[in-house]
Peer 1: 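This is the structure I have questions about; it appears just below.
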There are 2 protein chains.
Amino acid sequence: MSDLLERLRGRGWRMTAQRRVVAEVLDGDHVHLTADEVHARAVTKLPEISRATVYNTLGELVTIGEVLEVSTDKRAKRYDPNAHQPHHHLVCGQCGAIRDVHPVGNPLADLPDTERFGFTVSGVEMTYRGVCPNCATA
Amino acid sequence: MSDLLERLRGRGWRMTAQRRVVAEVLDGDHVHLTADEVHARAVTKLPEISRATVYNTLGELVTIGEVLEVSTDKRAKRYDPNAHQPHHHLVCGQCGAIRDVHPVGNPLADLPDTERFGFTVSGVEMTYRGVCPNCATA
DNA sequence: ATCCTACGATGGACAATGTCTAAGTCAAGC
DNA sequence: GCTTGACTTAGACATTGTCCATCGTAGGAT
């Protein structure tokens, strides 16, 4: 995703230090950060960046589809930079760890017409729940 | 779920007016209410009920498995009284309407061992996304 | 290279949602 | 009808997110 900056430029984004830093944070560890965690990491690289800017930038990245919002069940939304490869999530109920997973099959096809109630169905998110190996032994 | 009160009594719950009212609200329309909506409805039946009590009671109901928490993507968690019949959700991206749906197949079986990373996987939530008929014509 | 200007950043107030605590109240057993 | 500990209450507090008026600056124009 190091060409994220290029794609943003191509969309006519003004390339500011703040946006660069947010992109760099997301490009770092491919973990699922909350907005505040993104802000915390951004601050270490650019101390004067404001919370509002981080929220704005994340919102824009979500809107254009470069980043996905994930709501597991924690209070805060998390941001998933791995938007270009479809995947689902496996969440540890104890420690909250999140892994990307790739189930087989096509869950969209598993929803019969009679269960669609006239909706135009465009996507599906799957959240597997369990306990991670760390928490299982603890 | 009208025997919910019985089940709660069986668990040693003290049966207070407040808890009865919260149970009645959930037993009403089987919609997916936020905590504040539950509180708003409870207040009409018992004006002096406090927000804290509603939150406490909902939390307890979730803990004992009588009610499910649903995080679609709105800010507030929603509470789903239909906990005894497994089901998933279909959400309208425009108006936020939620329907219960029942996909065919067993999504748990669709997660290969190699994609489980040592987790003990106990469940899965599926959230289908789309546009409801109302919003599609509007 | 410098100037202009619209787009983006800032910070702080505000809003929404949820949690905690100390003190008062009451359901249920005796 | 007491007693007692579980339950409720009000409101302060915490967390997460949004809005707005103002300021700064990236990038094109000169």
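Residue numbering restarts at 1 for every chain, and letters A, B, ... go by the order of the sequence lines. What you see is a predicted model; the values in this text were computed from it and never measured.
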Peer 1: Determine whether Lys45(A) and Glu24(A) satisfy the following criterion, salt bridge (charged side-chain N to carboxylate O under 4.0 Å, His left out), listing intermediate values before the conclusion.
Peer 2: CA-CA 10 Å; Lys45(A) 304 186 183 212; Glu24(A) 282 173 16; 3.5 Å; yes

Peer 1: Pick the nucleotide of DNA chain C nearest each of Asp36(B) and Arg14(B); which residue has the one closer to the 5' end?
Peer 2: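 Of the two residues, Asp36(B) wins.
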
Peer 1: Roughly how many Å is it from CD1 in Ile49(A) to P in dG11(C), rounded to a whole number?
Peer 2: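 For the pair Ile49(A) CD1 and dG11(C) P, the rounded distance is 10 Å.
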
Peer 1: At a heavy-atom distance below 4.0 Å, which nucleotide of DNA chain D is the first touched by chain B, and which is the last?
Peer 2: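 So the contact region on DNA chain D extends dG5(D) to dT18(D).
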
Peer 1: Tell me, do Val62(B) and Tyr79(B) make a side-chain contact under 4.5 Å, heavy atoms counted?
Peer 2: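 SC-SC contact between Val62(B) and Tyr79(B) confirmed.
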
Peer 1: dT19(C) C1' sits how many Å from Leu58(B) CG, rounded?
Peer 2: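 It is 14 Å, rounded to the nearest whole Å.
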
Peer 1: Flag yes if Val101(A) and Phe119(B) sit in one hydrophobic cluster, no otherwise; membership is Ile, Leu, Val, Met, Phe, Trp, Tyr, and two members link when side-chain heavy atoms are under 4.5 Å apart.
Peer 2: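 In one cluster: yes.
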
Peer 1: Relative to the 5' end of DNA chain D, which residue comes earlier, Val54(B) or Lys77(A), by the nucleotide with the nearest heavy atom?
Peer 2: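 Result: Val54(B).
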
Peer 1: Measure CD/Glu69(B) against P/dT17(C) and give the value in whole Å, please.
Peer 2: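 From Glu69(B) CD to dT17(C) P: 15 Å.
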
Peer 1: Starting at atom NE2 of His39(B), determine the distance to atom C1' of dT17(C), rounded to an integer number of angstrom.
Peer 2: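 Roughly 13 Å, once rounded to whole Å.
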
Peer 1: Is there a donor in the side chain of Glu66(A) and an acceptor in the side chain of His84(A), or the other way round, less than 3.5 Å apart?
Peer 2: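 The criterion, which ignores hydrogens and geometry beyond distance, is satisfied for His84(A) and Glu66(A).
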
Peer 1: Rounded to whole Å, please give me the gap between CD in Glu60(A) and C1' in dC7(C).
Peer 2: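 In whole Å, dC7(C) C1' lies 10 Å from Glu60(A) CD.
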
Peer 1: For Asn56(B) and Trp13(B), find the nucleotide of DNA chain C closest to each by heavy atoms; which residue's nucleotide sits nearer the 5' end?
Peer 2: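 Checking each residue's closest nucleotide, the 5'-ward one belongs to Asn56(B).
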
Peer 1: Show me the side-chain donor-acceptor pairs of residues 104-113 of chain B shorter than 3.5 Å, one per line, residues at least two apart or across chains.
Peer 2:
residue, atom, partner, partner atom, Å
Asn106(B), OD1, Leu108(B), N, 3.1

Peer 1: With respect to the phosphate group of dG8(C), does any side-chain polar atom (N or O) of Arg19(A) fall under 4.0 Å of OP1 or OP2?
Peer 2: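 For dG8(C), OP1/OP2 do have a side-chain N/O of Arg19(A) under 4.0 Å.
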
Peer 1: Check the distance between dA27(C)'s C1' and Arg9(B)'s CZ and give it to me in whole angstrom.
Peer 2: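 The distance from CZ of Arg9(B) to C1' of dA27(C) comes to 11 Å, rounded to the nearest Å.
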
Peer 1: dG18(C) C1' sits how many Å from Glu37(B) CD, rounded?
Peer 2: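 Taking atom C1' of dG18(C) as the reference, CD of Glu37(B) is at 15 Å.
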
Peer 1: Looking at every strand, decide which applies to Thr16(A) at a 4.0 Å heavy-atom threshold: base, sugar-phosphate, or nothing.
Peer 2: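 Contact class for Thr16(A): sugar-phosphate only.
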
Peer 1: Would you name the heavy atoms of Asn82(B) and His87(B) that are closest together and state the gap between them?
Peer 2: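 Result for this residue pair: O-CE1, 3.0 Å.
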
Peer 1: Please determine whether a side-chain nitrogen or oxygen atom of Tyr55(B) lies at a distance below 4.0 Å from atom OP1 or OP2 of dT19(C).
Peer 2: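 Indeed not, no polar side-chain atom of Tyr55(B) lies that close.
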
Peer 1: Would you mind reading off the distance between Glu48(A) atom CD and dG12(C) atom P, rounded to a whole angstrom?
Peer 2: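 Answer to the nearest Å: 14 Å.
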
Peer 1: Here's a test for you: under salt bridge (Lys or Arg N to Asp or Glu O under 4.0 Å), which of Arg14(B), Arg19(B), Arg11(B) qualifies with Glu60(B)?
Peer 2: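 Exactly one pass, corresponding to Arg19(B).
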
